[in-house]
Protein chains: 2
Amino acid sequence: MLNKHTIERLVVYNRVLKDLRVRNISQITSEQLGERLSKTSSQIRRDLSEVGKKGRPGVGYFVEELIDSLDEVLGLKRKWGLALIGAGNLGRALFYYPGFKKEGYEFRAVIDADPSKIGRNWSGVTITSPDTLKKLVREKNIDMGVIAVPSEAASEVAGTLVGAGVKAVLNFAPVPLDLPEDVYLRHTDLAMDMENLSCHLCETEKK
Amino acid sequence: MLNKHTIERLVVYNRVLKDLRVRNISQITSEQLGERLSKTSSQIRRDLSEVGKKGRPGVGYFVEELIDSLDEVLGLKRKWGLALIGAGNLGRALFYYPGFKKEGYEFRAVIDADPSKIGRNWSGVTITSPDTLKKLVREKNIDMGVIAVPSEAASEVAGTLVGAGVKAVLNFAPVPLDLPEDVYLRHTDLAMDMENLSCHLCETEKK
DNA sequence: AAGCATTTGTGAATGTTTTCACGAACTACA
DNA sequence: TGTAGTTCGTGAAAACATTCACAAATGCTT
Ligand SMILES: NC(=O)c1ccc[n+]([C@@H]2O[C@H](COP(=O)([O-])OP(=O)(O)OC[C@H]3O[C@@H](n4cnc5c(N)ncnc54)[C@H](O)[C@@H]3O)[C@@H](O)[C@H]2O)c1
Ligand SMILES: NC(=O)c1ccc[n+]([C@@H]2O[C@H](COP(=O)([O-])OP(=O)(O)OC[C@H]3O[C@@H](n4cnc5c(N)ncnc54)[C@H](O)[C@@H]3O)[C@@H](O)[C@H]2O)c1
């Protein structure tokens, strides 16, 4: 069972490997990969030992094989249906980001409470009201919910998603959500990243 | 010296405390705070013991005092100058997000390479070309750089920021950056969050 | 003022993640 | 085939993070 930190590193390894593939490099050692990512080679070997594919002693890992295993483990071999809740600035950026579609993530529903937004069309997807969510989750095979509404609305929206049977939620609202434990929740808090930076700047200034 | 995990939790405690303040609740125990955030009370006590302010045995912590210490530690007592590099979809969402300004983060420069964007005005800030960055960093007192350009351009842009003397960088491009170690770098990778979700869904499906 | 009920702050214990270090597996070449 | 040179996979050690558990501090009641 992969833990959060391992998964995060695997995602990065996968990106680097895909870059190597484009450049026609077909093998790489843990040492070289570590060099490129400022990580120890043993960290990389241990992480990779958790995904199926094995490296070859004396040679390293085969780029193509490893990408294949990583795509499998990370769930990039199939398509996922996403519902976006909140068609605001952030929601629009997420929706129109081509990288998601490329990796198999499809926004199949866009929900907003603002009557002036309902009915608009975003590249073929019509924005609908929150009370259509439950039906859409069933009809459009929604696997994940992406919450991009203001904090005040986040809990309610999360509840609706869970009620509709969604088992994975990505939350951008800066408020902690309390969901049943069989729902996998990620919280991406952009303001937290800012505060992390300013906290460090403060600390280094003091010295 | 605060570590990354502690800082992330402090940010969340601070949010909850600010919510309590609005609701006129003036004290809270570690137990109650833990309850609300699904954390152990000892975790909270240990985290808070690292910021100056002390709690009072038998009573708990005073909301106002604690917010004050946390704002201090997290760098929310002063203003920070930000440069946004990349005025695309994500850049616009970040720029217009009122939460940042409220916490003291001011976008004072917006840079884009696209000639059709240069010269446009975003609430008083004129979008300028990359070669103005160095000058702007000096003139506008830029403390942090926010990278929201495509992956291909990210390394170069990061180099320019560092060259201009910026000591903190928030990177949204899905590519690892290799910066000098006195520059504090955070990498926010939205696709990584997606992959984390799909990875978990895959795993639970298998069982 | 004494006793009881809370709750903190923190050493010590426990749990988790990363790094070390080395035997085994593989390649290359004579 | 044998020997030298890589690099992997993984137990064991070290580093790091969380939780436990309890003495000490404080408030409240009588
Ligand atoms: N934009 C950023 O850079 C940024 C940064 C940090 C955090 N966030 C967080 O992300 C979330 C979205 O940010 P944004 O900038 O897109 O905000 P926004 O105001 O541009 O968009 C929010 C959208 O949600 C809709 N909405 C409100 N209540 C709703 C409900 N109950 N159901 C469905 N839709 C509803 C609104 O009509 C609006 O379209 C917020 O919680 C914000 O705090 C955003
Ligand atoms: N939008 C999302 O939801 C999302 C999700 C995950 C990752 N990202 C990443 O965030 C970054 C920005 O995404 P976006 O959706 O805003 O892309 P975008 O294409 O909308 O915007 C990118 C902007 O950067 C500008 N640019 C290009 N090269 C530049 C340079 N050298 N200097 C200055 N500006 C330059 C472009 O002109 C454009 O305006 C990308 O790296 C993307 O991979 C975005």
Side-chain angles (χ1 to χ4, degrees), chain A residues 1-13 16-17 20 25-70 73 176 181 192 196 199-200 203, chain B residues 1-13 16-17 20 25-70 73 176 181 192 196 199-200 203:
Chain A
M1 179 66 177
L2 298 167
N3 72 59
K4 202 178 75 164
H5 300 288
T6 309
I7 295 176
E8 288 178 1
R9 286 188 301 263
L10 292 178
V11 170
V12 177
Y13 301 161
V16 172
L17 290 164
L20 293 173
I25 295 166
S26 65
Q27 6 178 293
I28 189 168
T29 67
S30 58
E31 197 65 49
Q32 293 167 319
L33 201 48
E35 174 70 23
R36 174 132 175 207
L37 293 165
S38 313
K39 303 222 172 297
T40 63
S41 61
S42 53
Q43 171 91 84
I44 287 165
R45 288 199 300 281
R46 184 156 307 266
D47 287 340
L48 292 181
S49 76
E50 303 212 29
V51 314
K53 209 70 215 170
K54 302 275 167 173
R56 198 181 312 184
V59 178
Y61 298 87
F62 292 102
V63 172
E64 197 57 48
E65 286 182 6
L66 203 43
I67 290 174
D68 192 71
S69 305
L70 287 172
V73 167
E181 64 168 60
M192 177 189 284
N196 219 305
C199 181
H200 270 268
E203 283 192 349
Chain B
M1 178 66 176
L2 297 167
N3 72 59
K4 203 178 72 164
H5 299 287
T6 309
I7 295 176
E8 288 178 1
R9 286 189 300 264
L10 292 179
V11 170
V12 177
Y13 302 161
V16 172
L17 289 164
L20 293 172
I25 295 166
S26 65
Q27 8 179 289
I28 189 168
T29 67
S30 58
E31 196 66 49
Q32 294 166 319
L33 201 49
E35 174 70 22
R36 173 132 176 208
L37 292 166
S38 314
K39 303 221 171 297
T40 63
S41 61
S42 53
Q43 171 89 83
I44 286 165
R45 289 199 301 280
R46 188 161 296 274
D47 287 341
L48 293 181
S49 77
E50 304 213 27
V51 314
K53 209 68 215 173
K54 302 277 168 173
R56 199 179 310 184
V59 178
Y61 298 87
F62 292 102
V63 172
E64 198 58 46
E65 286 182 5
L66 203 44
I67 289 174
D68 192 71
S69 305
L70 288 171
V73 167
E181 66 168 59
M192 176 189 285
N196 218 305
C199 180
H200 269 268
E203 283 192 350

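Computed over heavy atoms, backbone and side chain alike; hydrogens, waters and symmetry mates excluded. The sequence lines fix the lettering, A, B, ..., with proteins before strands; numbering per chain opens at 1.
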Query - Partners meeting side chain to side chain contact (heavy atoms under 4.5 Å, CB included) with A/Q32 (sequence neighbours left out) - result: A/I28, A/T29

Report task. Mark up nucleotides 24-30 of chain C, 5' to 3', with B wherever a protein heavy atom is under 4.0 angstrom from a base atom, S wherever such an atom reaches only the sugar-phosphate, and - elsewhere. Result -> -BBS---

Requested in this report: Just jot down the side chain to side chain contact (heavy atoms under 4.5 Å, CB included) partners of B/E35, sequence neighbours excluded, or say none.
Outcome: none

**Report entry** Counterpart residues, side-chain hydrogen bond (donor to acceptor under 3.5 Å, both in side chains), relative to B/Y13 (two or more places apart)
**Finding:** B/D47

Query raised in the report: Tell me: CD1 of B/I44 to C1' of C/dT7, nearest whole Å?
Result: 13 Å

Report task. Quick one: which residue pairs count as a side chain to side chain donor-acceptor pair (under 3.5 Å) with a foot in residues 57-68 of chain B, not counting sequence neighbours? Result -> B/R21-B/E64, B/D68-B/K77

Query - side-chain hydrogen bond (donor to acceptor under 3.5 Å, both in side chains) partners for B/R56, two or more places apart - result: none

Report summary line: From CZ of B/F62 across to C1' of C/dT8 the rounded distance in Å is 12 Å

Report summary line: By side chain to side chain contact (heavy atoms under 4.5 Å, CB included), B/K4 pairs with (sequence neighbours left out) A/N196, B/E8, B/R186

**Report entry** Whole angstrom value for the distance that separates C1' of D/dT19 from CG of B/D47
**Finding:** 12 Å

N/O contacts under 3.5 Å, protein versus nucleotides 11-17 of chain D?
{"unit_1": "D/dG11", "atom_1": "N7", "unit_2": "A/R46", "atom_2": "NH2", "d": "3.2"}
{"unit_1": "D/dG11", "atom_1": "O6", "unit_2": "A/R46", "atom_2": "NH2", "d": "2.5"}

Report summary line: B/Y61 OH to D/dA25 C1', in whole Å, measures 13 Å

Query - Residues which pass side-chain hydrogen bond (donor to acceptor under 3.5 Å, both in side chains) with B/S69, listed by chain and number, not counting sequence neighbours - result: none

Query - Smallest separation among heavy atoms of A/C199 and B/V73, with atom names - result: SG-O, 3.4 Å

Query raised in the report: side chain to side chain contact (heavy atoms under 4.5 Å, CB included) with A/T40: which residues, sequence neighbours excluded?
Result: A/S42, A/Q43

Query raised in the report: Is A/T40 touching bases, backbone alone, or none of the nucleic acid, heavy atoms closer than 4.0 Å?
Result: sugar-phosphate

Report task. Using atom NZ of A/K39 as one end and atom C1' of C/dT17 as the other, report the distance to the nearest whole Å. Result -> 13 Å

Query - Partner residues of A/E50 under the side-chain hydrogen bond (donor to acceptor under 3.5 Å, both in side chains) criterion, sequence neighbours left out - result: none

Query raised in the report: Tell me, which of residues 28-36 of chain B have any heavy atom that sits under 4.0 Å from an atom in DNA chain C?
Result: B/T29, B/S30

Query raised in the report: With no hydrogens and no angle check, do the side chains of B/R45 and B/S49 hold a donor and an acceptor under 3.5 Å apart?
Result: no

Query - Interatomic distance where NZ belongs to A/K53 and C1' belongs to D/dC8 [whole Å] - result: 15 Å

Report summary line: Whole-Å distance, B/R45 CZ to D/dT26 P, equals 16 Å

Query raised in the report: Within this structure, what is the CD-to-P distance between A/E65 and D/dC8, rounded to whole angstrom?
Result: 14 Å

